[in-house]
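Values in this document were obtained by computation on a predicted structure and should not be read as measured data.
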Amino acid sequence: MRSYDRKRTPLHGWQASAAMVLGAPRAVILGLTIVGLLAGFTLRLWNLQFVRGDQYRERAEEQRLRRVAIPAPRGVIYDRNGTPLVRNTPSFNVVVIPAHLPDDPDEVDSVLVRLALLLNMPYTTAGLTRDDEEAPPGVRDIVDEHASVPYHPAVIKARVDRDTALLVAQEALLMPGVSVQVDRLREYPYGPLLSQVLGYQLPIPEEGSEEYIEQGYDPATDRIGVAGVEASYEDVLRGKKGSRLIEEDVLGREVRVVDERAVAVPGENVVLTLDLDLQEFAEKTLREGMARPVVDSPRGVVIVMDPQTGEVLALVSLPTYDNNLFAEGISAHDWQRLSEDPHRPLLNHAISDELPPGSVFKIVVAAGALQEETLLPDTQFLCEGSMLVPNKWAPEVAWRAQPFYCWNRGGHGWLDVVGGIAHSCDIFFYKTGGGFDENDYEGLGVAGIATYAQQFGFGEPTGIELPFDVRGHVPTADWKRLTFGETWTTGDTYNLSIGQGFLTVSPLQMLNAFNVIANGGTVYRPHVARRITDHEGNVVQTFEPEAIR
């Protein structure tokens, strides 16, 4: 039987060529695949490095670098003798940067729960029914509210005490995203004595916050003056923030300062016209006067001014309040107590109260009558303690006549203008302002009284650089007709002549009218600022006396 060799028989030349041809497509495909992959990687690298390189570099820088605002020290307020009336003291805020919290939700909870325990705050109040609607939100609630701005520090608790701040700062090594920021707190060493003049600061309100942001404020941390000098000179006192670029590690901790972009410029200082010693004396004297049994008044004002310049040397309004309550963050209880007090301690009664001036207004009537020569220096009127004004529609009917009385029912007898002012005689000024039937004397009249009242500064703000400077009201015959649909009467003129009826003024307006008499006829604009200095004490601006008319 024939046997066969099991070894592979060698291929002939044409067979070998055919095999090479058949294997060629696989090699080509593999080569093209490799080339395609290399081209794809090259294009991707080109896109990442050159086309979108700036975008990714910016994102990498955002994760590594952060721009931090440097608060500017707020300017100081001094009295005229250089005594500081406010202080800037260190304050500590605990903040969380949401972007620097751990990626693991369980680890985030662990960090925030630990922080809540350190600050004695709830972790969250979401979904809970609280008896006190003013209770602050929990730590988690605050962080969630700032989720849309993950690289912006969310203030968890402001103005924590030093020991708590140090404890949180130490624990922050184990709590990624948590840090302590040092802020400055406004302190008022004289509290209620000067609160009506100095005012206070409050956090920026949500309403209109966009406008404040455009001006460089941070609604989350900044405060603004809302009363007194703090409000009037906010732009002067606030200063200008600086900024620096810092490098952070993966836990959000500062590694180094990369660049000091801008240096913080301290706010300028305001030197007031007030004399602190005189302010203390004025308040003490006012309190003693209000406590007298014959007075027993819950409200009072003392203003001391230089009639030659309009400088306010002392300004006391009682009752008052402690502006440190607002600096520290006023409680709901204290706010309710102050806002519901019927005597309005938050109101500066010296410039914001509108009251009938009473007999002090008689100097305006006297000055106007002398100027118009309806009253001469030697003109005399008889005061018998009362007088009758016949009814306009039935002058012959005696019982319909209206009696008007002097405060001295026994009468003052014959008086000239000096005697009328010295005795504050109502009858004298009834006749001076409203006239009387004897000799058909018409008096200054309502139009004349209104004209001179306006010349003395009534019916318009005084212009003092403090908020809520009221206008007061000077009535006229037209005003009464349009407001009440009634005709102006002689009785209305009599009441106006002694500072009663529809006339209202502020205490500051009344004092400024007296200054016109004292200085010989010039109405000065009252002011409480004497000069402005920079943080080195150099004078930036001085305030000279300003004559209104």
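Side chains of L318 and L286 form a contact here, defined as non-hydrogen atoms less than 4.5 Å apart. Contact annotation: the side chain of F381 approaches that of Y441 to within less than 4.5 Å [non-hydrogen atoms, C-beta and beyond]. The side-chain heavy atoms of Q454 and E460, taken from C-beta on, include no pair separated by under 4.5 Å. Using a 4.5 Å heavy-atom threshold, the side chains of P507 and M510 count as separate. Within the 4.5 Å cutoff, the side chain of C425 has no heavy atoms near those of the N408 side chain. Taking 4.5 Å as the limit, some side-chain heavy atom of K480 sits within range of a side-chain heavy atom of D492.
Here the options are F429, F428, F436, Y430, the test is ring pair (Phe, Tyr, Trp, His ring centres under 6.0 Å), and the partner is F404; only Y430 passes. With L508 as reference, T462 is the one residue of V301, V470, T462, L466 to meet the side chain to side chain contact (heavy atoms under 4.5 Å, CB included) rule. Results of the salt bridge (Lys or Arg N to Asp or Glu O under 4.0 Å) test with R74 over E187, E268, E234 single out E234 as the only residue that passes.
Salt-bridge formation is not detected for the pair E288/R292: no Lys NZ or Arg NE/NH1/NH2 atom is positioned less than 4.0 Å from an Asp or Glu carboxylate oxygen. The pair E230-R186 meets the salt-bridge criterion, since a charged nitrogen lies less than 4.0 angstrom from a carboxylate oxygen. Looking at K362 and D426, a side-chain N of the basic residue comes within less than 4.0 Å of a carboxylate O on the acidic one, giving a salt bridge. Of the charged side-chain nitrogens involved, at least one lies within less than 4.0 Å of a carboxylate oxygen, so that R287 and E283 count as a salt-bridged pair. Under a 4.0 Å N-O distance rule, the pair D222/R238 does not qualify as a salt bridge.
Between H423 and H412, the ring planes are tilted. Angles from 30° to 60° get that label. Aromatic ring pairs are classed by plane angle as parallel below 30°, tilted from 30° to 60° and perpendicular above 60°; the pair F543 and Y233 is perpendicular.
In this structure, R409 forms a cation-pi arrangement with Y405, its terminal cationic atom sitting closer than 6.0 Å to the ring centre and no more than 45° off the ring axis.
Using a 3.5 Å distance cut-off with no hydrogens or angles, the side chains of R159 and N93 do not pair a donor with an acceptor. Side-chain contact check for W488 and T493: at least one donor-acceptor pair (N or O, by modelled atom type) lies under 3.5 Å.
A donor-acceptor pair under 3.5 Å is absent between the side-chain atoms of E442 and the main chain of G434, judged by distance alone.
The CZ atom of R223 sits 10.5 Å away from the CD1 atom of I204 when rounded to the nearest 0.5 Å.
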